[in-house]
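Counting from 1, the numbers follow the sequence of the chain as shown.
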Amino acid sequence: MKLLLKISSVIDTITAFVGRAAAWLVLVAVLISAVNAVIRYTFNTSSNAWLEAQWYLFGALFLLAAPYVLQLNGHVRVDVVYNAYSKRTRNWVNLFGHVFMLMPFTLLLIYETTPFVITSFLQQEVSENANGLIRWPAKSFLLIGFMLLAAQGISEIIKRIGIMLDLIPDPDEEIQHASVPSPSTAQEPRT
């Protein structure tokens, strides 16, 4: 299990690096949008390439940041119900969700997008819009994003088993303890 936890740690490191790097794509997309708007209104000209670059960047951001959000336990779920469960039940719910929902979904999408990306690359597919960009880089983000999400899913499964075997601390417990003020830090009500 120690080897698996080390593999999980490597996956987490890669996921965090890619997720933090992908966050910079927001700035790039905003700058492209701003420059495009200034050029359009100042010189009354525009290019479809700038518009397509914006949605390529948005897609890349979404797909490359999703595994990092999973690692940070930031995906949406019904926390009111989830927090009512015992620690043991929450761990089983997470393990079940990762094994039977996340992994089949990501593996199916990897299987389906691989020929889609390969075909686009081999054909050097280009946008049908005038001055449009090549399409295979945008499509490749689908494959890369789901591969990273699958890898992070494997890491989460390993960590959840490690938590259940008491080999590593439960990050959910740390979050709950941090949100409840201790008696020494709680403020007295004002009268």
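To the nearest 0.5 angstrom, L57 atom CG is 10.5 Å from L31 atom CG. For the atom pair I118 CD1 and T113 OG1, the distance stands at 9.5 Å (nearest 0.5 Å). Atom CG of N73 and atom CG of N94 lie 6.5 Å apart (nearest 0.5 Å). Rounding to the nearest 0.5 Å places CD1 of I134 at 11.0 Å from CD of E52. Rounding to the nearest 0.5 Å places CE of M147 at 13.5 Å from CG of L63. To the nearest 0.5 Å, the span separating OG on S8 from NZ on K159 amounts to 5.0 Å.
Judged by distance alone, the side chains of S155 and D12 do bring a donor and an acceptor atom under 3.5 Å apart. Between T15 and Q71, the side chains place no donor N or O within less than 3.5 Å of an acceptor N or O (distance only, hydrogens not considered).
V117 and W55 are not part of a single hydrophobic cluster, where members link through side-chain heavy atoms under 4.5 Å apart. A continuous path of hydrophobic side-chain contacts links L143 to I14 [ILVMFWY only; heavy atoms under 4.5 Å]. Grouping the Ile, Leu, Val, Met, Phe, Trp and Tyr side chains by contacts below 4.5 angstrom, directly or via other members, places L70 with F17. Each of V30 and V35 belongs to its own hydrophobic cluster when Ile, Leu, Val, Met, Phe, Trp and Tyr are linked at side-chain heavy-atom distances under 4.5 angstrom. Cluster annotation: V38 and F43 are assigned to distinct hydrophobic clusters (Ile/Leu/Val/Met/Phe/Trp/Tyr, side-chain heavy-atom contacts under 4.5 Å, transitive).
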(message) Is there a side-chain contact (heavy atoms from CB on, under 4.5 Å) between V93 and R90? Walk through the geometry before answering.
(response) CA-CA 5 Å; V93 166; R90 282 195 310 269; 5.6 Å; no
(request) Start with the C-alpha gap between I157 and L95, add the side-chain angles, then the distance that decides, and say whether side-chain contact (heavy atoms from CB on, under 4.5 Å) holds. (result) CA-CA 6 Å; I157 290 168; L95 185 61; 3.9 Å; yes
(message) Working note: N36 + L51, criterion side-chain contact (heavy atoms from CB on, under 4.5 Å); need CA distance, chi angles, decisive distance, verdict.
(response) CA-CA 8 Å; N36 189 34; L51 297 172; 3.4 Å; yes
(request) Check step by step if side-chain contact (heavy atoms from CB on, under 4.5 Å) holds for F141 and F62. (result) CA-CA 9 Å; F141 284 122; F62 179 81; over 6 Å; no
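Across all non-hydrogen atoms, the minimal contact from W50 to I32 is CE3-CG2, 3.4 Å. The shortest non-hydrogen separation linking S127 to G132 is CB-CA, 3.8 Å. What you find for A53 and L133 is that their closest heavy atoms are N-CD1, 3.7 Å. In plain terms, the two heavy atoms of Q152 and P67 that are nearest each other are CG-O, 3.4 Å. In this structure, A22 and L64 approach most closely via the heavy-atom pair CB-CB, 3.8 Å. Contact record, A60 with L25: CB-CD1, 3.8 Å, taken as the closest heavy-atom pair.
At least one side-chain heavy atom of M101 sits less than 4.5 Å from a side-chain heavy atom of F96. Between I154 and H98, every side-chain heavy-atom pair lies at or beyond the 4.5 Å cut-off. At least one side-chain heavy atom of L149 sits less than 4.5 Å from a side-chain heavy atom of F146. In this structure, M1 and L4 have side chains that are in contact, with non-hydrogen atoms separated by less than 4.5 Å. Using a 4.5 Å heavy-atom threshold, the side chains of I161 and L167 count as separate. Between V28 and Q54 the shortest side-chain heavy-atom distance does not fall below 4.5 Å.
Side chain of N48 to backbone of A130: a donor-acceptor contact under 3.5 angstrom is found. Judged by distance alone, with hydrogens and angles left aside, the side-chain atoms of T106 form a donor-acceptor pair with the main-chain N or O of M103 at under 3.5 Å. The closest donor-acceptor contact from the side chain of S140 to the backbone of P137 lies under 3.5 Å. In this structure a side-chain-to-backbone donor-acceptor pair under 3.5 Å is present from T114 to I110.
Within a 6.0 Å radius of CH2 in W24, no more than 12 heavy atoms belonging to other residues, nucleotides or ligands are found. The number of heavy atoms from other shown groups lying within 6.0 Å of CE (M164) is above 12.
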